[in-house]
Number of protein chains: 2
Amino acid sequence: MAGRGRPRTKGPSLSGSTEQDILDAGADLFCTAGFGSVSTYRLAKAAGISQATLYHYFANKHEVLLALLLQTVRPSIVMAERIAGENGLPPRERLRRLCAYDADLLATSPRNLGALYLLPEVADEALSPFRAERDRLVGAYRALVGQCLPDAPEPEHEAVADLVFGLVESVILCRQRAGGAPMPAGTGDRIAEAALRIVGR
Amino acid sequence: MAGRGRPRTKGPSLSGSTEQDILDAGADLFCTAGFGSVSTYRLAKAAGISQATLYHYFANKHEVLLALLLQTVRPSIVMAERIAGENGLPPRERLRRLCAYDADLLATSPRNLGALYLLPEVADEALSPFRAERDRLVGAYRALVGQCLPDAPEPEHEAVADLVFGLVESVILCRQRAGGAPMPAGTGDRIAEAALRIVGR
DNA sequence: GTCTATACATAGATAGAC
DNA sequence: GTCTATCTATGTATAGAC
C-alpha cells in the first residue's frame with residue numbers, strides 16, 4: 001500500500017513515502033484548521049504533490065482522515081491490550097501505566113494529533129472503522145477500572161472509567177488552548193496520578 | 001440586533017426570532033457535522049429561511065459561529081465571576097460550585113454545545129473575541145485553585161487548574177463519544193467531587 | 001425582511017498525456 | 001507515478017425585485 005516505487009533522488013519530501021507525506025500534511029492541517037475547512041488542493045500542496053496525485057494514494061478525502069485516525073490510535077490499543085494481559089501486576093498499577101502511556105503520547109507528540117479524535121466529522125459513516133477501534137480502547141479502560149473497584153456495581157465502573165478516560169484526553173484540550181504546543185515531560189505521570197485519585201482508595 | 005420586526009403570525013419558526021433560529025441551527029449542525037463541513041445553504045435551510053436571508057442577520061458564516069460561542073460561554077463567565085467574589089465561602093467550596101455549575105451546563109444542555117469549543121476553526125482570527133472570553137474563564141479557575149493551594153508555587157497552580165478545567169470539559173468528549181446525548185443529572189456534582197480529589201487535601 | 005437569481009470562486013473527482 | 005486540464009457540483013456572497 002505504501003509508495004514503494006517513488007523517486008528517491010529528488011522531490012519536496014525529505015521524510016518518507018509520498019503516502020506518509022500526505023498523512024503528515026493531513027495531521028497538520030486537519031487538527032489545526034479542521035477537516036471540512038481544508039481542501040484537497042491545500043492538502044496536496046502541503047504534501048508537495050498536485051491535487052490530482054492525491055487520488056492515486058487515497059480514494060477520497062475521508063480515506064485520508066481514516067488512515068490518519070487509525071495510525072494514531074493503534075499504539076494506544078496495542079499498549080492497552082498488552083497491559084490488560086499483564087496479570088502479574090495489580091489493577092491499579094496497570095491502570096496507572098495505561099493512563100501514563102496514553103497521556104504521554106497525547107501530551108508530547110510533535111503535533112496535537114489527539115485533536116483529530118474531536119473532529120465532528122469523525123461521526124461520519126465513512127469513519128466508523130476508527131470509532132470501532134476507539135471503542136475497544138474505552139473498553140480496556142472500563143475493564144481495568146472494574147478490576148480496581150470490584151465491589152462497585154457495573155454502572156459505577158462506566159461512570160468512573162469515563163472520568164478517567166476524559167481526564168487522559170483532556171490533555172488534547174489543554175494543548176489546543178495553548179495553540180497546540182507539546183506539554184512538558186512528566187505530564188503523563190502527573191495525569192496518571194490524578195486518575196488514580198479519581199478512582200479512589 | 002435581534003429580529004424585532006419579524007412576522008409573528010406564521011412561518012416555520014416556533015421557537016423565537018429568526019436570528020435565534022439561525023443560531024439554533026448552527027448549534028445543531030456545527031457541533032455534529034463541523035463548521036467547514038456545513039454550508040450556508042444547509043444552515044439556512046435548517047433555520048427555515050433562504051440562503052440569502054442569512055446575510056441579513058449575519059455578515060458571514062464566521063459571525064454565526066462567533067455569536068454562538070459567545071452566547072454559550074457567557075453564563076459560565078458570569079457565574080465564575082460571581083463565585084470568585086463570594087468571600088464568605090472557603091476556596092474549596094467555591095471551586096466545587098464552579099466546577100459543578102459548568103460541568104452541569106455542559107452535561108445536561110439539550111445539545112452538546114461544548115463541542116463548539118473544540119472546533120479547530122475556533123483558532124481562526126475572526127473568533128478571537130471568543131478566545132478572549134474563554135481565557136477569562138480559565139483565569140477564574142486558576143485563581144480559585146491558587147487559593148486552594150496557597151503554599152504551592154505558581155506553575156503548580158496552573159498545572160492543577162489545567163487538570164481541573166480539563167476534567168470539567170471532558171464531559172464534552174464523553175457526550176461526543178455517546179452520540180451527543182445528555183448525561184444523567186448529578187453528573188456535574190460527581191465531576192466536582194473528582195476535581196476536588198485532584199486538587200488534593 | 002424575505003425571496004429568486006446570479007456572480008464568481010472553489011470544491012471534489014476524473015481523463016488522459018507523459 | 002505525476003502531472004495539466006477539465007468536468008460538474010457546490011461554495012460564499014451580492015443584487016435587486018417584491
Side-chain angles (χ1 to χ4, degrees), chain A residues 1-23 25-26 29-30 33-68 119-121 124-127, chain B residues 1-23 25-26 29-30 33-68 119-121 124-127:
Chain A
M1 187 183 277
R4 286 192 304 278
R6 165 167 196 286
R8 278 164 170 68
T9 47
K10 63 160 193 161
S13 157
L14 299 172
S15 55
S17 69
T18 299
E19 186 180 357
Q20 193 57 48
D21 288 343
I22 296 168
L23 292 175
L29 292 173
F30 292 157
F35 180 75
S37 297
V38 171
S39 66
T40 55
Y41 175 83
R42 190 171 158 200
L43 178 61
K45 192 172 123 186
I49 57 174
S50 74
Q51 189 254 358
T53 298
L54 234 172
Y55 289 84
H56 178 76
Y57 293 94
F58 296 95
N60 52 52
K61 199 177 147 190
H62 275 99
E63 290 292 313
V64 180
L65 178 57
L66 177 59
L68 205 42
L119 294 173
E121 288 89 348
D124 190 287
E125 184 52 40
L127 299 169
Chain B
M1 186 184 280
R4 285 191 304 279
R6 163 165 197 287
R8 279 164 170 68
T9 48
K10 64 162 195 161
S13 157
L14 298 173
S15 55
S17 69
T18 299
E19 186 180 357
Q20 192 58 47
D21 289 342
I22 296 168
L23 292 175
L29 293 173
F30 291 156
F35 180 75
S37 296
V38 171
S39 67
T40 54
Y41 175 84
R42 190 171 158 200
L43 178 62
K45 192 171 123 188
I49 57 174
S50 75
Q51 189 255 355
T53 298
L54 234 171
Y55 289 84
H56 179 75
Y57 292 94
F58 296 95
N60 52 52
K61 198 177 148 191
H62 275 98
E63 290 293 313
V64 179
L65 178 56
L66 177 58
L68 205 42
L119 295 173
E121 289 89 346
D124 190 287
E125 183 53 38
L127 300 169

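Note: hydrogens, waters and symmetry copies are ignored here, and every other heavy atom, side chains too, is used. So that the names make sense, note that chain A is the first sequence line, chain B the second, and so on, each numbered from 1.
As rounded to whole Å, 9 Å separates atom P of D:dG11 from atom CD of B:Gln51. Atom CZ in A:Phe58 sits about 16 Å away from atom P in C:dT14, given to the nearest Å. In this entry the distance linking CG of B:Leu54 with C1' of D:dT14 reads 14 Å, nearest Å. Atom OH in B:Tyr57 sits about 8 Å away from atom C1' in C:dT2, given to the nearest Å. One interatomic measurement links the two molecules: CD of A:Glu19 to P of D:dT2, which rounds to 11 Å at whole-angstrom precision.
Rounding to the nearest 0.5 Å gives a distance of 6.5 Å between CD1 of A:Ile49 and OG1 of A:Thr18. In this structure, the separation between CG on A:Leu68 and CD on A:Glu63 is 12.0 Å, given to the nearest 0.5 Å. With rounding to the nearest 0.5 Å, the separation of CG in B:Leu65 from CG in B:Leu119 is 6.5 Å.
Contacts of residues 37-46 of chain B with DNA chain C (heavy atom under 4.0 Å): none. Residues of residues 60-68 of chain B having a heavy atom closer than 4.0 Å to DNA chain D, listed by number: B:Asn60, B:Lys61.
The nucleotide whose nearest atom lies closest to any side-chain atom of B:Ser50 is, among C:dT4, D:dC3, C:dG1, C:dT4. Considering only side-chain atoms of B:Ala52, the nucleotide from C:dA15, C:dA5, C:dG1 that sits closest is C:dA5.
For the pair B:Thr18 and C:dG1, the criterion of a side-chain N or O lying under 4.0 Å from OP1 or OP2 is not met. For the OP1/OP2 pair of C:dG1 and a distance below 4.0 Å, the side-chain nitrogens and oxygens of B:Thr53 include no atom meeting the criterion. Between B:His56 and the phosphate of C:dG1, there is a side-chain N or O to OP1/OP2 separation shorter than 4.0 Å. Taking 4.0 angstrom as the limit, B:Tyr55 places none of its side-chain polar atoms (N or O) nearer than this to OP1 or OP2 of C:dG1.
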